[in-house]
Amino acid sequence: MAGEGWEAVDDYQVQRLEALFERDPDRLAGLSLEACGIYFDWSKTHLDPDLIGRFAAAAEAKGLAKARDALFSGDIVNPTEGRPAEHVAERGTGAPAAVGLAAARRTRMRALADAVEAGAFGEVTGILHIGIGGSVLGPALLVDALGRRGSRLQVRFLSNIDGEAFDDAVRPLDPATTLVVVASKTFTTAETLANMSAGLDWLRSAGVGDPDGRVIAVTARPQAAVEAGIDETRVLQFGEGVGGRYSLWSSVGVSAALALGWSAFEELLEGAAEMDRQFRFAEPQRNAPLIAAFADRLYVRRFGCQTRALFAYDERLRLLPFYLQQLEMESNGKSATLDGRPLDQPSAPVTWGGTGTDAQHAVFQLLHQGTILVPVEFVAVAEAEHSLGPDHHRSLLLNAFAQGAALMHGRRGEGPHRSYSGDRPSTTILLDRLDARTLGALIAFYEHRTFANAVLLGINPFDQFGVELGKDIARKLDQGGDDEEFDPSTLALMERAGV
Ligand code: F6P
């Protein structure tokens, strides 16, 4: 790590949070910013402007400017798979050729959405969206966050191979008026293909005349979808350069676009593009994704934190922790650097979380008094849309703010069991309102924060070879290979379960 600028970060004398506020009366102004309708507050973290400067220098030494330019220019930033990362092109901020291609594919997606609306599929009241990981978590988040009032269709998401999940997903749907959207970048994912076949059987057994004709496929490999029996007019392609966990901006978002309306989908992309510009052009001291990444690294490197927790103080964002788990852990859960050396610092921490205030009554005990330090992120929305109005919403927000204050200040003097050490860091992210534009910006913020973390780590955030081994062994078990190939514990489990 010598010469990479980390010494200046690692040697920095970190102070208690309360002392940081006492020392700098302007702390809040320096450690908070507003971008894209979102207010970010890092003042309750151990960052200060000087430390941000040191992190910025470390990031520069790690090639941040070059890496960021490469991302937006469509250069190869995913060298292990030899391709660019083109999710930014989906919202118009990538390389011109990729932006043009994404726009052309979006035009096709829109034509299909218009055809659905115009009745080309007869009456449509519901969508069964089948996909897993990046092919489902994004659309599910969008529909759950934005589709509570006025969603035009009932959208159910099916990912797990568990038949209970299938039963749950189809229960409220009417097979006669349901479209099946099958999203899979590779179109080889076992769970998705098995669920597609179960979905077709479900339509067939309900007497739907042409079940295949009710399927829309979304994939980077259109040929595989056609070979699976889906007519090419109903195959929406997206680029190989768009990673699964970065794909909701592409035609993977078609179910959300159908449910929320086309203009909402476009606003989502515009919000993300605005955050792209913030990440690309804002100086480090005012750059939201960068500062967040600096805080992430601070707590992993200096404080040894192995997890970070995110609590959505808004029911509409209850799926955000799940979405971020994949984004952050699949991207940055790596142990080899870009040039193949062992990573010499801890990789991404475990991302976990839940919703407030529920989590306060379940897991916050450990956050306040446990011996394990967990940096906490609160995400809340200032404007209420629910039927109970602003007064009711006030309690929710005050709870979020109180938790951040309690973690920071702690309380002493009432005996060990009733003492709180305080000095526990938190970040607060406050959206003015939850609409498509702001949600787009928020998700793009997390993408760039993940990318910035990867640059600081010197790793490739865009591959995910770690998920392959388990798939491979499951395939071998299914094919019933030579018993000697498998360990006695695995064989005994199979025998016991009768599989
Ligand atoms: O197994 C991991 C993974 O490849 C994810 O990266 C991806 O989002 C998910 O599976 C689904 O893959 P696909 O879209 O190809 O079905």
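The figures that follow rest on heavy atoms only: side chains count, while hydrogens, waters and symmetry mates do not. Order of appearance sets the numbers: ligands from 1, and atoms from 1 within every ligand.
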**OP:** Identify, by atom number and element, the atoms of ligand 1 in contact range of Ser184, meaning under 4.0 Å from any of its heavy atoms.
**Re:**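 That gives atoms 13 (P), 14 (O), 15 (O), 16 (O) of ligand 1.
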Subject >> Atom indices of ligand 1, in the order listed, that fall short of 4.0 Å to a heavy atom of Gln464 >> reply: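 Contacts of ligand 1 toward Gln464, numbered from 1: 6 (O).
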**OP:** Validate the cation-pi geometry between Arg68 and Phe451: distance from NZ or CZ to the six-membered ring centre under 6.0 Å, angle to the ring axis within 45°.
**Re:** no
Subject >> Cation-pi, Trp6 ring and Arg301 (6.0 angstrom, 45 degrees) >> reply: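 Arg301 over Trp6 ring: yes.
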Nearest-neighbour protein heavy atom for [atom], which is reported as residue plus atom name and distance:
atom                    : result
atom 9 (C) of ligand 1  : Ile132 O, 3.5 Å
atom 12 (O) of ligand 1 : Thr189 OG1, 3.5 Å
atom 6 (O) of ligand 1  : Glu330 OE1, 2.7 Å

Original post:
Does Glu468 come within less than 4.0 angstrom of ligand 1, counting non-hydrogen atoms of the residue?
Top reply: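 Per 4.0 Å heavy-atom rule, Glu468 does not contact ligand 1.
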**OP:** Tell me, please: is Lys471 in heavy-atom contact with ligand 1, that is, under 4.0 Å?
**Re:**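 Under 4.0 Å: yes for Lys471.
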For the pair [X] and [Y], find out whether any cationic side-chain nitrogen is under 4.0 Å from an anionic carboxylate oxygen.
X      : Y      : result
Lys334 : Asp463 : yes
Glu468 : Lys471 : yes
Asp201 : Arg204 : yes

**OP:** Select one of side chain, backbone, both or neither to describe which atoms of Lys185 lie under 4.0 Å from any atom of ligand 1, heavy atoms only.
**Re:** both
Original post:
Is it the side chain (CB and beyond), the backbone, both or neither of Thr186 that lies under 4.0 Å from ligand 1, heavy atoms counted?
Top reply: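 It is both parts that get close, each with some atom under 4.0 Å.
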**OP:** May I ask you to check if ligand 1 and Gly134 share an N or O to N or O distance below 3.5 Å?
**Re:**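 Yes, since at least one N or O of Gly134 sits under 3.5 Å from an N or O of ligand 1.
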Subject >> Option with minimal heavy-atom separation from atom 14 (O) of ligand 1, where the choices are Gly131, Gly466, Ser135 >> reply: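 Closest candidate by heavy-atom distance is Ser135.
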**OP:** Return the minimal non-hydrogen interatomic distance between Val99 and Thr93, and the atom names on each side.
**Re:**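 Of all heavy-atom pairs spanning Val99 and Thr93, the closest is CG2-N, 4.2 Å.
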**OP:** Over all heavy atoms of both residues, which pair between Ala293 and Arg449 is shortest? Give the atoms and the distance, please.
**Re:**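 Result for this residue pair: CB-O, 3.8 Å.
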**OP:** Report yes or no: do Thr490 and Asp487 form a side-chain donor-acceptor pair below 3.5 Å?
**Re:**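 Per modelled atom types, Thr490 and Asp487 side chains form a pair under 3.5 Å.
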